[in-house]
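By convention here, the first residue in the shown sequence is residue 1. These figures come from a predicted structure and were not determined experimentally.
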Amino acid sequence: MTPHVVVTLPLPASVLDELGRSYRLSAWSETGPMPDTTLQSWAADADAILCSLGTPITATLLANSPRLQTISSISVGVDHIDLGAATRAGLPVGHTPDVLVDSTADMAVALMLSVMRRIVEADRFVRAGEWGQGWSTDFFLGTDLSRATVGIVGLGPIGRAVAARVGSFGARVIGWNRTVREVPGVCAVDLDDLFAEADVISVHTAATAETRHLVNRDRIGRMKPGAVLVNTARGSVVDETALVDALAAGKIRAGLDVYEQEPLPQDSPLLGLDNVVLVPHLGSATAATRQAMMERASINLASGLRGERLPWCANPEVYGPG
Ligand code: GLV
């Protein structure tokens, strides 16, 4: 029988056509998130789910989807999936590591430079027709990445790629990882010291119960005046209320790709602040990277449905020891 696959997000027609040659698809095609009730009813007789961020895959959904053989996510992060419940149910969960490392690291550096050189603020200024004065020595002054100490929180592949990039700009690089990790060119420091020493802090830890609000009010309070916090990881890693307070007080600056609630609510106080650059979760958003992510997710999906080991599995313990 042709496997039934639920696709929880709109995908390019070419990708859906390709999937449709092998599977019976129930595909969500609207831009808003797929309602849980629709997902529950479609998944009730599904063999697999192809998903991404924004659609929670809960323990209840898994319990009510007895035919499921695998879940494949078009993302490296799998915090939208109850991984524990999937593992207990014997379901391998696929994800897409590696291919988005460079794009996400580029975005982190782009945010640093945008904040430090006030690019977005200056663009708004020019467009508003406010550029009336000539060149002067104190006009729109920023700070230099080459003169900065950059603190990397989380030295996985993306954190290390950011460290290499900012190192090549001439920055001094310090870093912290939950399990101590030697990285060439990165001086390992205690997390609290990192917050006190760095001029720029870039967050690259996965979202887990342990990393929730790792960047808390106390650590934000340790940051140097004018220091920059960049988050391209997950919103839950930063206490956003504490961050807003520090930004509103003009103590620090920030560049954010991710938020505690996405899409960012229209009444978020972040929207009224000039010392923060905001982008809508675009870390991996280049055409080539998204193509590579969809390819990996399709390969994971096919492997899971054939009962083979997923090449990029977020819960390898599902296969048992060895
Ligand atoms: C994006 O945030 C991802 O996890 O791939």
Side-chain angles (χ1 to χ4, degrees), residues 102-153 159 161-176 185-187 189 192-204 215 217 219-232 238 240 242-259 264 268-280 282-283 285-286:
D102 286 324
S103 301
T104 309
D106 287 351
M107 176 59 85
V109 177
L111 283 171
M112 288 176 199
L113 290 170
S114 301
V115 175
M116 297 174 87
R117 299 304 305 272
R118 304 172 62 183
I119 304 285
V120 176
E121 203 187 330
D123 177 88
R124 282 196 289 258
F125 176 86
V126 174
R127 286 173 200 276
E130 289 178 33
W131 188 18
Q133 67 178 89
W135 192 95
S136 75
T137 54
D138 59 354
F139 187 44
F140 263 104
L141 299 185
T143 50
D144 290 307
L145 193 44
S146 59
R147 290 187 167 89
T149 293
V150 178
I152 310 285
V153 178
V162 172
R165 280 161 173 72
V166 298
S168 74
F169 273 73
R172 171 177 172 251
V173 191
I174 59 178
W176 172 89
V186 180
C187 173
V189 293
D192 287 343
D193 293 342
L194 183 147
F195 274 80
E197 266 184 56
D199 302 295
V200 181
I201 294 163
S202 197
V203 180
H204 300 288
V215 182
R217 191 173 288 278
R219 293 196 169 114
I220 291 171
R222 287 171 191 266
M223 288 172 69
K224 289 179 177 173
V228 178
L229 180 75
V230 167
N231 188 6
T232 53
V238 176
E240 201 167 283
L243 176 63
V244 164
D245 289 347
L247 288 167
K251 289 188 184 146
I252 60 166
R253 301 175 285 168
L256 303 176
D257 185 36
V258 291
Y259 307 88
L264 187 64
S268 166
L270 286 168
L271 295 169
L273 297 169
D274 258 347
N275 50 352
V276 55
V277 172
L278 307 170
V279 290
L282 298 179
T286 70

Which heavy-atom pair separates V186 from A163 by the least distance, and what is that distance? CG2-CB, 3.7 Å

Does any part of the side chain of M107, heavy atoms only, come nearer than 4.5 Å to the side chain of V279, both counted from C-beta? yes

Test side chain to side chain contact (heavy atoms under 4.5 Å, CB included) applied to R117 and L145, step by step: CA-CA 9 Å; R117 299 304 305 272; L145 193 44; over 6 Å; no

With heavy-atom distances below 4.5 Å as the criterion, would you say the side chains of V215 and E240 are in contact? no

Give the C-alpha distance, both sets of side-chain angles, the deciding distance and a yes or no for side chain to side chain contact (heavy atoms under 4.5 Å, CB included) between V166 and V173. CA-CA 8 Å; V166 298; V173 191; 3.8 Å; yes

Considering non-hydrogen atoms only, spot the tightest contact between P269 and L273 and give its length. O-CG, 3.5 Å

N/O donor-acceptor pair under 3.5 Å between S268 side chain and L264 backbone: no

Output the distance between atom CD1 (I201) and atom CG (L229), rounded to the nearest 0.5 Å. 6.0 Å

Between N275 and G250 the two heavy atoms that sit nearest each other are ND2-CA, 4.0 Å

Salt bridge (Lys or Arg N to Asp or Glu O under 4.0 Å) evaluation trace for R165 with D106: CA-CA 8 Å; R165 280 161 173 72; D106 287 351; 2.7 Å; yes

When rounded to the nearest 0.5 angstrom, what distance separates OG1 in T149 from CZ in R172? 4.5 Å

Measuring from atom CG of L282 to atom CG of L111, what distance do you get when rounded to the nearest 0.5 angstrom? 9.0 Å

Test side chain to side chain contact (heavy atoms under 4.5 Å, CB included) on V258 and L256 and set out the steps. CA-CA 6 Å; V258 291; L256 303 176; over 6 Å; no

What residues form a side chain to side chain donor-acceptor pair (under 3.5 Å) with T143, not counting sequence neighbours? R253

Does any non-hydrogen side-chain atom of L270 lie less than 4.5 Å from one of V244? yes

Beyond-backbone contact of L194 with R219, side-chain heavy atoms, under 4.5 angstrom: no

With a 4.5 Å cut-off on side-chain heavy atoms, are N231 and D257 touching? no

Could you measure the distance from the CH2 atom of W176 to the CG atom of D192? Nearest 0.5 Å is fine. 10.0 Å

Closest non-hydrogen atom pair, S103 against T286: OG-OG1, 3.6 Å

Suppose we screen for side chain to side chain contact (heavy atoms under 4.5 Å, CB included). Which residues come up paired with A108, at least two apart in sequence or across chains? V162, S202, H204, V230, T232

Does the side chain of D144 come within less than 4.5 Å of F169's, by heavy atoms? no

Please give me the minimum heavy-atom distance between A254 and V228, naming the atom from each residue. CA-CG1, 4.4 Å

Is the shortest side-chain heavy-atom distance between I119 and L113 below 4.5 Å? no

Side chain K224, main chain A196, donor-acceptor under 3.5 Å: no

For residues 127-134, which side-chain donor-acceptor pairs fall under 3.5 Å, sequence neighbours excluded?
| residue | atom | partner | partner atom | Å |
| --- | --- | --- | --- | --- |
| R127 | NE | D123 | OD1 | 3.2 |
| R127 | NE | D123 | OD2 | 2.6 |
| R127 | NH2 | D123 | OD1 | 3.2 |
| W131 | NE1 | Q133 | O | 3.4 |
| Q133 | NE2 | S136 | OG | 3.3 |

With sequence neighbours left out, what residues match R118 under side chain to side chain donor-acceptor pair (under 3.5 Å)? E121

Contacts of K251 meeting side chain to side chain contact (heavy atoms under 4.5 Å, CB included) (sequence neighbours excluded), chain-then-number -> A249

Going by an N to O cut-off under 4.0 Å, is there a salt bridge joining R147 and D199? no

With a 4.5 Å cut-off on side-chain heavy atoms, are V153 and F195 touching? yes

Those residues that, when tested against D245, pass side chain to side chain donor-acceptor pair (under 3.5 Å) (two or more places apart): R217

How close do A198 and V150 get, heavy atom to heavy atom, and via which atoms? CB-C, 4.4 Å

